[in-house]
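Counting convention: from 1, in listed order, for ligands and their atoms alike. Numbers for residues simply follow the sequence, beginning at 1.
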Amino acid sequence: MKLNKIEWSQELSIGNDNIDLDHRRLLLTFNKLVDLINTDKDREDFAGILNEMTDYAFSHFKKEEDYMQEFGFPDLAGHKKEHEAYIYKVSTYSLNMLGIHAPEPQEVLAFLEKWWQNHILQSDKIYEQYKNQVQSEARYIPF
Ligand SMILES: [Fe+2]
């Protein structure tokens with residue numbers, strides 16, 4: 001099975017440069033894993049780069065959560081749960097990668113691809129839209 005990289009496009013932008021940059025960096029790391037799996041089958045290399053998909057995501061999620069808190073995003077708890085589920089799933093994959101029950105790299109990549117596309121397009125876009133809506137309504141509050 002030939003795996004495809006995720007090319008960044010405007011469609012993936014949530015309309016916030018700071019967050020978009022983090023997402024682009026995470027997708028670059030994902031693409032490194034795709035390259036690796038298409039050329040080399042070394043599980044240690046794969047496991048090393050896979051760690052970046054949790055370490056960097058961890059600090060990125062914290063940044064997003066602090067940001068959502070600033071404007072009182074109503075579903076912060078639900079969004080946090082998605083982040084927690086991701087960290088749990090991907091760190092379990094990482095942990096098992098060098099063991100006897102190693103997951104198939106293709107399975108890991110399929111999960112990552114689907115998760116990031118869905119999460120960015122659905123969950124992340126929603127909080128930014130909410131923030132923009134709240135800000136534009138605030139401008140019309142009469143004194
Ligand atoms: Fe998020």
(request) Check each of His60, Glu128, Arg24 against Ile19 using the side-chain contact (heavy atoms from CB on, under 4.5 Å) test, and report the only one that passes. (result)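 Answer to the side-chain contact (heavy atoms from CB on, under 4.5 Å) test with Ile19 among His60, Glu128, Arg24: His60.
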(message) Test: salt bridge (charged side-chain N to carboxylate O under 4.0 Å, His left out). Region: residues 76-92. Which pairs qualify, not counting sequence neighbours?
(response)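 Residue pairs with at least one partner in residues 76-92: there are none.
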(request) Just grab all the salt bridge (charged side-chain N to carboxylate O under 4.0 Å, His left out) pairs involving residues 45-56, residues at least two apart or on different chains. (result)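 For residues 45-56: Lys32-Glu52.
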(request) Taking the six-membered ring for Trp and the single ring otherwise, decide whether the centroids of Tyr86 and Trp115 are under 6.0 Å apart. (result)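 Yes; Trp115 has its ring centre under 6.0 Å from that of Tyr86.
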(message) I want to verify a count. Protein N, O or S atoms less than 2.8 Å away from the Fe ion (ligand 1), how many are there?
(response)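 Those protein atoms number 5 in total.
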(request) Apply salt bridge (Lys or Arg N to Asp or Glu O under 4.0 Å) to Asp20 and list each qualifying residue two or more places apart in sequence or on a separate chain. (result)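 So Asp20 forms no salt bridge (Lys or Arg N to Asp or Glu O under 4.0 Å) with any residue.
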(request) May I ask you to test the Phe46-Val108 pair for a side-chain heavy-atom distance under 4.5 Å? (result)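 Phe46 reaches Val108 side chain to side chain.
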